[in-house]
K.L.:
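Below you will find the structure I want to go over with you.
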Protein chains: 2
Amino acid sequence: MQAPRRVGTGTNQEAVRRHNLGTVLRHVHRAGQLSRAELTRRMGLNRSTIAALTAELETLGITERTGPATVSAGERQGAGRPSTGVRLAATGPYVIAVDLRVDHATVARVGLGGAIQQRAHASTAGLAEAWQVGAAVATLIRKVVTDASSSAPLVGIGIAVPGMVRRTDGLIRLAPNLEWHDVSFSSVVLAALGVDIPVMVANDANLGALAEHERGAGVGVDDLVYISGQVGVGAGIITGGHPLEGVGGYAGEIGHLRFDPTGPPCHCGSTGCWETAVGGPAIAAAIGSALEDVAQLPQHLRQLTEASPELRRIGGDIGRGLASIINAFNPQLVVLGGYFSDVHPLVRDEILDGLTCAALPAALDSVTLTVPSLGDDSVLLGAAEAALDPLLVDPVASIGTALLDVPARLAG
Amino acid sequence: MQAPRRVGTGTNQEAVRRHNLGTVLRHVHRAGQLSRAELTRRMGLNRSTIAALTAELETLGITERTGPATVSAGERQGAGRPSTGVRLAATGPYVIAVDLRVDHATVARVGLGGAIQQRAHASTAGLAEAWQVGAAVATLIRKVVTDASSSAPLVGIGIAVPGMVRRTDGLIRLAPNLEWHDVSFSSVVLAALGVDIPVMVANDANLGALAEHERGAGVGVDDLVYISGQVGVGAGIITGGHPLEGVGGYAGEIGHLRFDPTGPPCHCGSTGCWETAVGGPAIAAAIGSALEDVAQLPQHLRQLTEASPELRRIGGDIGRGLASIINAFNPQLVVLGGYFSDVHPLVRDEILDGLTCAALPAALDSVTLTVPSLGDDSVLLGAAEAALDPLLVDPVASIGTALLDVPARLAG
DNA sequence: GACCTTTGTTGTTCGGGGCAACTTATCCGT
DNA sequence: ACGGATAAGTTGCCCCGAACAACAAAGGTC
């Protein structure tokens with residue numbers, strides 16, 4: 001009995017209301033706590049309109065109002081009546097975020113506002129088949145919802161995968177390091193859980209970029225590139241404030257940019273991809289670590305205080321590869337994620353040298369290099385953000401389709 | 001006395017009206033002529049709403065209605081009352097488009113709908129200073145408005161430049177082949193014309209991409225890359241239906257992607273950029289043409305029926321470079337503009353071979369290579385589209401600030 | 001020619017944001 | 001301590017735009 005979904009490029013009043021309600025929630029989601037007066041300023045709407053919108057969010061159980069006396073730290077300033085605050089409800093909607101890696105998986109229950117409420121972790125080493133991994137993930141999911149309030153709605157699941165994911169349906173086309181081809185992992189997980197809720201599967205680098213853009217090093221930056229170094233090398237790109245996807249959703253496969261045609265063959269079939277120069281195996285070799293240990297690269301790198309000449313050369317290669325990326329995308333920020341965040345402090349100068357000699361000055365001027373400010377949780381929190389997105393687009397619809405009484409329903 | 005510009009992320013009713021009016025106009029602009037019934041279908045709004053919106057466009061003098069009997073070719077089908085048509089008014093708003101190249105400039109008067117109403121062309125060889133070129137362009141502009149109706153409003157000027165253009169203000173940061181640094185060409189042209197109207201300066205490849213997306217080979221394609229081969233090599237990229245700009249507006253400088261570190265030095269200071277392998281000078285050398293003739297490459301290429309071995313090798317290099325671009329952006333379409341459209345028929349197989357061995361299968365599956373369907377006018381029409389954009393966003397405001405009585409005002 | 005289908009037109013309804021007046025709550029100066 | 005200034009919440013009303021329904025118009029179909 002739900003209203004027919006409108007199509008077409010026109011905007012009607014219902015859509016305006018949806019959009020404004022979602023935008024209010026998005027602001028609260030980003031800022032955590034916010035006064036209605038501040039919302040009025042940021043959205044440019046009338047006070048009374050903001051009051052109506054926040055009231056609706058309250059009746060939906062998403063937010064609650066804080067007394068005007070909340071800010072009591074003695075630093076209030078400016079005359080006038082203090083503004084009522086809006087904050088996220090303790091038993092408000094939440095999502096499940098899954099960060100699937102080559103040999104382990106992390107699952108978290110994440111509320112609106114991006115707070116991790118509960119998390120669980122398990123090794124997946126030795127689990128080759130997707131259904132085995134799916135079962136392990138389902139177990140972790142059951143674990144993280146045990147303490148959830150039964151009145152809090154579960155809005156969806158977000159899953160980060162190291163591979164190429166088709167954006168239309170979340171099919172994993174190819175995850176080389178998991179050795180998966182054409183796996184519908186969302187179906188696998190839902191089957192193991194025995195429920196039906198929206199699942200969003202996406203590439204790990206894209207989600208890392210999303211998280212750093214929303215609540216990490218890239219807040220307020222509308223053009224950024226998140227470089228993911230896990231085993232392979234990939235990138236998540238935000239341009240104009242929106243994720244760059246490409247037709248299929250495979251954009252950002254910068255690990256296979258041509259780097260040195262005289263270099264070694266790459267597992268992709270080509271020769272001299274950037275990944276062969278700066279990928280996990282190359283770095284492992286440069287620091288004398290075993291190739292089987294590629295998944296543990298960050299730990300090994302953190303023990304180093306100085307870079308070997310081999311690692312220094314790789315630093316230069318990182319810089320020269322980044323130069324191509326900066327020329328192509330003209331980002332304001334490059335976030336070095338995965339093991340790159342541990343390589344960066346060791347070879348910062350070499351990276352910059354490589355950059356400077358190969359990037360165009362105009363593009364180089366406006367770019368900054370940094371590491372994720374969310375640490376190792378970028379990708380996990382990005383999966384949460386992706387799963388939360390429908391809620392921020394249309395809160396009413398999303399709450400309507402959410403799952404209630406979750407601990408009991410998943411326990412069965 | 002104009003209404004204060006609303007800011008903020010909220011949407012109000014006024015904005016809805018603006019958006020819908022602009023969207024109606026955008027549909028007519030794209031389709032040329034359209035029935036109100038068709039508009040109703042495409043926009044998903046009510047018949048009466050469409051009637052009100054089209055009526056407003058009529059009173060603004062932008063469109064006019066065609067009698068229901070317009071379609072008389074005997075191919076009418078379907079029962080029911082025939083729909084009133086909406087078409088662009090003959091004396092409706094128009095823009096000036098300028099395609100500035102290394103040794104010549106083309107200027108056109110372009111109406112809504114993308115029809116070139118008048119055009120002019122002149123060599124700029126020997127004009128080194130920006131003000132000299134600006135004066136030449138102003139002369140061409142005066143020429144193309146001579147026959148314009150004095151009641152038709154001039155909405156703006158769009159200028160395509162082969163260089164890096166800052167998007168915030170249209171400053172030309174660097175145009176290597178014009179040898180310009182930090183030139184505010186919009187000021188130069190406006191000063192030469194003695195009027196003040198909106199001028200949009202942008203990179204030629206970006207505008208070529210825009211035009212092919214709007215009315216060329218990329219209609220309906222939301223992810224495309226337009227490769228521009230003039231003297232240097234650049235790209236204009238559309239992702240998710242929107243131009244990819246980057247912070248400064250310099251995105252798409254793919255001519256300086258790293259291609260072969262053992263290759264020759266590039267004028268940018270780096271070594272082995274893709275441009276050194278497939279740029280104008282390399283192609284001129286491969287077909288035995290003089291280096292001073294780079295601007296005439298297309299003419300020379302069109303006389304060839306067969307590719308030399310050198311040109312074949314360049315074809316492979318084009319393919320291998322495109323592979324990187326396809327991996328990075330995952331486009332649905334790659335449009336080979338500039339001299340590449342003349343190289344393509346000669347070395348199609350070599351390009352495809354290079355592509356196949358270096359691009360990722362998932363990305364390669366969904367991509368098509370083609371040449372501009374607007375021919376040599378892509379960039380010019382893209383400049384027109386860019387200048388028309390404000391009109392399609394807010395018709396009322398744009399008409400309000402437009403210049404009237406243009407032939408007389410520019411003649412002085 | 002009767003009936004059906006589709007569209008334009010017109011008047012009305014509905015809903016959402018803007019606005020103004022009033023109330024409430026705090027700061028600040030005397 | 002007290003009143004004015006300031007800013008924010010609340011309330012009722014208005015305006016505007018899209019939806020809707022009823023009717024008229026124009027053509028197709030049998």
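Lettering of chains follows the sequences in order, A, B, ..., and the numbering in each one begins at 1.
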K.L.:
Provide the full list of salt bridge (Lys or Arg N to Asp or Glu O under 4.0 Å) pairs with a residue in residues 47-61 of chain A, sequence neighbours left out, each pair given once.
P.N.:
A:Arg17-A:Glu56
K.L.:
I need the CD-C1' distance between A:Glu14 and D:dA18, as an integer number of Å.
P.N.:
11 Å
K.L.:
Measure the CG-CD1 distance between A:Leu88 and A:Ile62 for me, rounded to the nearest 0.5 Å.
P.N.:
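The CG atom of A:Leu88 sits 9.0 Å away from the CD1 atom of A:Ile62.
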K.L.:
Who passes side-chain hydrogen bond (donor to acceptor under 3.5 Å, both in side chains) against B:Thr11, sequence neighbours left out?
P.N.:
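With neighbours one apart ignored, the set is A:His19.
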K.L.:
With sequence neighbours left out, write down each residue that passes salt bridge (charged side-chain N to carboxylate O under 4.0 Å, His left out) with B:Asp169, or none if nothing qualifies.
P.N.:
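By the salt bridge (charged side-chain N to carboxylate O under 4.0 Å, His left out) rule, B:Asp169 matches B:Arg166.
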K.L.:
Kindly write out the residues that satisfy side-chain hydrogen bond (donor to acceptor under 3.5 Å, both in side chains) with B:His213, not counting sequence neighbours, or none if the list is empty.
P.N.:
none
K.L.:
Quick one: salt bridge (charged side-chain N to carboxylate O under 4.0 Å, His left out) partners of A:Asp222, sequence neighbours excluded?
P.N.:
none
K.L.:
Nearest of D:dA19, C:dG18, C:dT9 to any side-chain atom of B:Leu45?
P.N.:
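Ranking D:dA19, C:dG18, C:dT9 by closest atom to the B:Leu45 side chain puts D:dA19 first.
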K.L.:
Measure from CZ on B:Arg36 to P on D:dA26 and round the result to the nearest Å.
P.N.:
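My rounded result for the distance is 14 Å.
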K.L.:
So which protein nitrogen or oxygen atoms get under 3.5 Å of nucleotides 13-16 of chain D's nitrogens or oxygens?
P.N.:
none

K.L.:
Take the protein atom CZ of A:Arg18 and the nucleotide atom P of C:dG16, then report the distance between them rounded to whole Å.
P.N.:
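Distance check: A:Arg18 CZ to C:dG16 P gives 12 Å.
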K.L.:
Could I get the full list of side-chain hydrogen bond (donor to acceptor under 3.5 Å, both in side chains) partners for B:Ser48, not counting sequence neighbours?
P.N.:
B:Asn46
K.L.:
Between D:dA8, D:dA18, C:dT7, which nucleotide gets closest to the side-chain atoms of B:Val16?
P.N.:
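For B:Val16, the side-chain atoms sit closest to D:dA18.
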K.L.:
Expected output is a numbered-order residue list: members of residues 48-56 of chain A with a heavy atom under 4.0 Å from any atom of DNA chain C. What is it?
P.N.:
A:Ser48, A:Thr49
K.L.:
Establish, with yes or no, whether the OP1 or OP2 oxygen of C:dG16 is under 4.0 angstrom from a side-chain nitrogen or oxygen of B:Asn12.
P.N.:
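The answer is no; no side-chain N or O of B:Asn12 sits under 4.0 Å from OP1 or OP2.
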K.L.:
Apply salt bridge (charged side-chain N to carboxylate O under 4.0 Å, His left out) to B:Arg65 and list each qualifying residue two or more places apart in sequence or on a separate chain.
P.N.:
none
K.L.:
D:dA7 C1' sits how many Å from A:Leu39 CG, rounded?
P.N.:
16 Å
K.L.:
Between B:Arg42 (CZ) and C:dT7 (C1'), how many Å, whole number?
P.N.:
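It is 17 Å, rounded to the nearest whole Å.
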K.L.:
About how many Å separate OG1 of B:Thr23 and CZ of B:Arg42, when rounded to the nearest 0.5 Å?
P.N.:
13.0 Å
K.L.:
Tell me every residue that passes side-chain hydrogen bond (donor to acceptor under 3.5 Å, both in side chains) with B:Asp389, counting only those two or more places apart in sequence or in another chain.
P.N.:
none
K.L.:
Who pairs with A:Ala97 by side-chain contact (heavy atoms from CB on, under 4.5 Å), at least two apart in sequence or on another chain?
P.N.:
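Only A:Val110, A:Leu380, A:Ala383, A:Ala384 meet the side-chain contact (heavy atoms from CB on, under 4.5 Å) criterion with A:Ala97.
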K.L.:
Where the side chain of B:Asn46 is defined as all heavy atoms beyond and including C-beta, which of C:dT7, D:dC20, D:dA18 is the nearest nucleotide?
P.N.:
D:dC20
K.L.:
Would you say B:Thr40 places a side-chain N or O within less than 4.0 Å of OP1 or OP2 belonging to C:dT7?
P.N.:
no
K.L.:
To the nearest 10 degrees, what angle separates the axes at the start and end of the helix from C:dG1-D:dC30 to C:dT30-D:dA1, five pairs each?
P.N.:
10°
K.L.:
Starting from C1' on D:dA7, measure out to CZ on A:Arg47 and report it in whole angstrom.
P.N.:
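One finds 8 Å between C1' of D:dA7 and CZ of A:Arg47, rounded.
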